[in-house]
Amino acid sequence: MKRISAVLALALFTGQAHAWDAQTTHAGFAEQAALSSRLHKRLVAIGFDGGLFELLTIPPADAPALLENLKLLSPTHGAVPDARGRQTALAWLSAGSALADVPARHGAHHFYDPTTKQGWERPSRGALAGLSDTIRNAVGRAAIPDKGMPATEWVTAKDNPFNLAQFLDQYGKAVSAGTPGERSRHMAAALVAAGGLLHVLADVGSPSRVRGDEAAHFESLGGGPDDLGSRFERIATLAFGRLGVPGPARVVTREHLRDYFTNAAGTGLADVISRTYFSPNTLPASTREPNPKLARPQPVLPTRLNLMAASREDGTTLRSGEVCLARYKVDRGIVSFSLDDECMLEQLQAILPEVSAYETGLLDFLLRGELALSIANGQVVVTGAEVGAGEADILVEDARGVRKSIGKLAGKAGGGELGRVTLPSEGVRVVAVFRGADLVGEPVVAVGSVPLAAR
């Protein structure tokens with residue numbers, strides 16, 4: 001780990017970096033979230049017996065644009081389907097997390113500054129004054145918008161192909177569609193959309209994305225004049241890859257989708273990262289004064305800096321607990337601050353598990369809707385304790401796996417029993433899918449099933 005600077009200097013990556021690396025860091029986050037969430041059990045419960053490892057197929061003729069985009073990914077990273085469009089449920093989730101930056105301009109919608117409540121803004125040439133002419137010229141050529149939609153809005157925006165509505169629509173059809181092949185296709189599409197939503201949340205776990213520091217995404221990374229991006233995010237790629245991304249130490253739960261990003265209590269991922277860490281261009285200003293000027297009120301500097309230690313050739317370290325926040329040194333009476341690779345690596349070791357915790361919570365949030373089905377007195381009883389207004393479709397599945405509707409029930413604003421339908425005379429399973437809102441008004445799809453052997 002101490003040799004990260006040398007490794008970084010030798011790495012020859014190509015292409016402009018817009019986010020955590022799609023096929024390593026983002027894929028690793030998505031996989032950790034899947035393994036730590038309720039996804040496996042939910043898939044099994046609604047008829048995908050292999051759970052995370054169920055083979056799901058999207059025929060290439062049904063989604064040619066999606067399959068073409070997937071060809072941009074490396075097959076070695078496990079998120080590219082075979083020629084029939086088939087791969088595991090886990091791989092489809094990973095694929096969605098990798099595709100959220102395609103086309104590249106969508107990466108501009110993965111920023112959110114809790115202080116200004118704004119998203120991406122293209123840096124002016126003045127903001128890039130410390131960079132070389134080559135880099136400033138490359139920025140001028142970059143095909144990115146001048147302004148991006150805040151990440152909090154992008155997750156529900158109509159222009160986002162992996163938005164919340166897309167997930168809910170495909171997830172509901174993955175239960176209600178008639179044939180196993182149709183349900184497989186819809187479940188794969190739902191997981192792609194879920195992966196895209198996880199990607200956007202993970203991006204606000206990078207300090208520069210939540211501190212209005214767009215210029216930090218135009219650092220030269222060593223792979224040629226157009227290899228620009230965030231050095232912080234590139235270090236994550238090199239140090240952790242995909243399989244080394246740590247899992248969550250806990251699961252973060254919230255009542256609203258937006259609350260995972262930001263909320264009034266300041267416990268959204270963007271809130272926490274913004275106030276806890278500096279980014280390259282929001283470090284304290286160099287000064288001769290004893291109290292350096294801060295670009296933002298937080299992180300808070302200690303009342304007295306250790307100027308004696310900072311006078312050494314290598315300077316000293318500003319820490320929060322065990323984590324390096326910055327280096328600082330005194331040279332000719334001027335106190336200056338910086339971030340080096342080892343310091344950023346310490347931050348990553350603290351930040352990545354947090355991102356995994358929020359991603360796992362978000363995936364559970366997407367899957368939170370649950371219906372309880374039971375059989376009593378020749379009827380199927382449907383209960384949805386956590387669902388509000390909406391409608392539930394009740395279906396029976398026959399021995400071939402074909403499902404057909406046997407009734408609909410209206411949801412109640414207060415939850416509880418939705419109602420009952422007559423038990424079908426034949427079939428192997430009854431399933432139900434509710435589309436509507438939960439008890440706090442958030443859109444939700446709730447599902448449940450019961451085997452008819454239990455009659």
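Note: hydrogens, waters and symmetry copies are ignored here, and every other heavy atom, side chains too, is used. Index from 1, following the sequence.
Ion pairing of D159 with R105 is absent here, as no side-chain N (NZ or NE/NH1/NH2) approaches a carboxylate O to less than 4.0 Å. A salt bridge is defined here as a Lys NZ or Arg NE, NH1 or NH2 lying under 4.0 Å from an Asp or Glu carboxylate O, and R211 with D213 fails to meet this definition. Salt-bridge check for R435 with D393: failed, with every basic side-chain N at 4.0 Å or more from each acidic carboxylate O.
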| message | Applying side chain to side chain donor-acceptor pair (under 3.5 Å) to D169 and H186, what does each step give before you reach the verdict? | response | CA-CA 9 Å; D169 179 57; H186 289 303; over 6 Å; no
| task | Test side-chain contact (heavy atoms from CB on, under 4.5 Å) on I394 and V430 and set out the steps. | result | CA-CA 7 Å; I394 317 303; V430 172; 3.7 Å; yes
| query | Would F111 and H217 satisfy ring-ring contact (aromatic ring centres under 6.0 Å, His included), going step by step from the backbone distance to the final call? | reply | CA-CA 11 Å; F111 292 72; H217 292 263; 5.1 Å; yes
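With contacts defined as side-chain heavy-atom distances shorter than 4.5 Å, the pair L201/L269 qualifies. Considering only heavy atoms from C-beta on, F48 comes within 4.5 Å of R183 through its side chain. Taking 4.5 Å as the limit, every side-chain heavy atom of E359 sits out of range of all side-chain heavy atoms of S97. Residues H109 and N160 are not in side-chain contact: their nearest non-hydrogen atoms beyond the backbone lie 4.5 Å or more apart. Y171 places a side-chain heavy atom less than 4.5 Å from the side chain of V447.
Within 6.0 Å of NZ in K408 there are more than 12 heavy atoms belonging to other residues, nucleotides or ligands. Within 6.0 Å of CD in E255 there are 12 or fewer heavy atoms belonging to other residues, nucleotides or ligands. In K41, the NZ atom is not crowded: 12 or fewer heavy atoms of neighbouring residues, nucleotides or ligands sit closer than 6.0 Å. No more than 12 heavy atoms of other residues, nucleotides or ligands shown are found within 6.0 angstrom of CG on N377.
The line from CZ of F29 to CG of L352 is 4.5 Å long, rounded to the nearest 0.5 Å. One distance of note links CZ of R429 with CG of L395; it measures 12.0 Å at 0.5 Å rounding. Taking NE2 from H77 and OG from S94, the interatomic distance works out to 9.5 Å, rounded to the nearest 0.5 Å. Interatomic distance, CG of L348 versus CD of E233, reported as 9.0 Å (0.5 Å rounding). Rounded to the nearest 0.5 Å, atoms CG (L52) and CG (L93) are 8.5 Å apart. Separating the CH2 atom in W20 from the NE2 atom in H110 is a distance of 14.5 Å, to the nearest 0.5 Å.
Put simply, the side chain of S449 gets close to the backbone of A45: a donor and an acceptor are under 3.5 Å apart. Without hydrogens or angle criteria, R42 side chain to L367 main chain gives a donor-acceptor distance under 3.5 Å. Side-chain atoms of S36 never come within 3.5 Å of backbone atoms of A33 as a donor-acceptor pair (strictly under, hydrogens ignored). Under a 3.5 Å cut-off, the side chain of E346 and the backbone N or O of C324 do form a donor-acceptor pair. A donor-acceptor distance shorter than 3.5 angstrom exists from the side chain of E214 to the backbone of E121, with no hydrogens or angles considered. Between the side chain of R242 and the backbone N or O of E31, no donor-acceptor pair lies under 3.5 Å. Listed for the E153 side chain is no donor-acceptor partner under 3.5 Å among the backbone atoms of P150. The backbone N or O of S176 sits nowhere less than 3.5 Å from a side-chain atom of R403 that would complete a donor-acceptor pair. Looking only at distances, a side-chain donor or acceptor of Y260 sits under 3.5 Å from a matching main-chain atom of G361. Judged by distance alone, with hydrogens and angles left aside, the side-chain atoms of Q32 form a donor-acceptor pair with the main-chain N or O of V245 at under 3.5 Å.
Nearest heavy-atom pair, G51 versus A89, reported as atom, atom and distance to 0.1 Å: O-CB, 3.6 Å. Closest approach of L257 to F261, counting heavy atoms only: O-CD1, 3.7 Å. Closest heavy-atom contact between G384 and L418: N-CD1, 3.3 Å. Closest heavy-atom contact between A389 and F434: O-CZ, 3.5 Å. Minimum heavy-atom separation, I375 to P451: CD1-O, 4.1 Å. Nearest heavy-atom pair, G85 versus W92, reported as atom, atom and distance to 0.1 Å: O-CZ2, 3.3 Å.
Between T262 and D271, the side chains place a donor N or O and an acceptor N or O closer than 3.5 Å (distance only, hydrogens not considered). Side-chain contact annotation: D21 with T25, donor-acceptor N/O pair under 3.5 Å absent.
With respect to E386, the side-chain contact (heavy atoms from CB on, under 4.5 Å) criterion is satisfied by exactly one of V440, L439, D438: L439.
A cation-pi contact links R368 to F365, judged by a cut-off of 6.0 Å to the six-membered ring centre and 45° from its axis.
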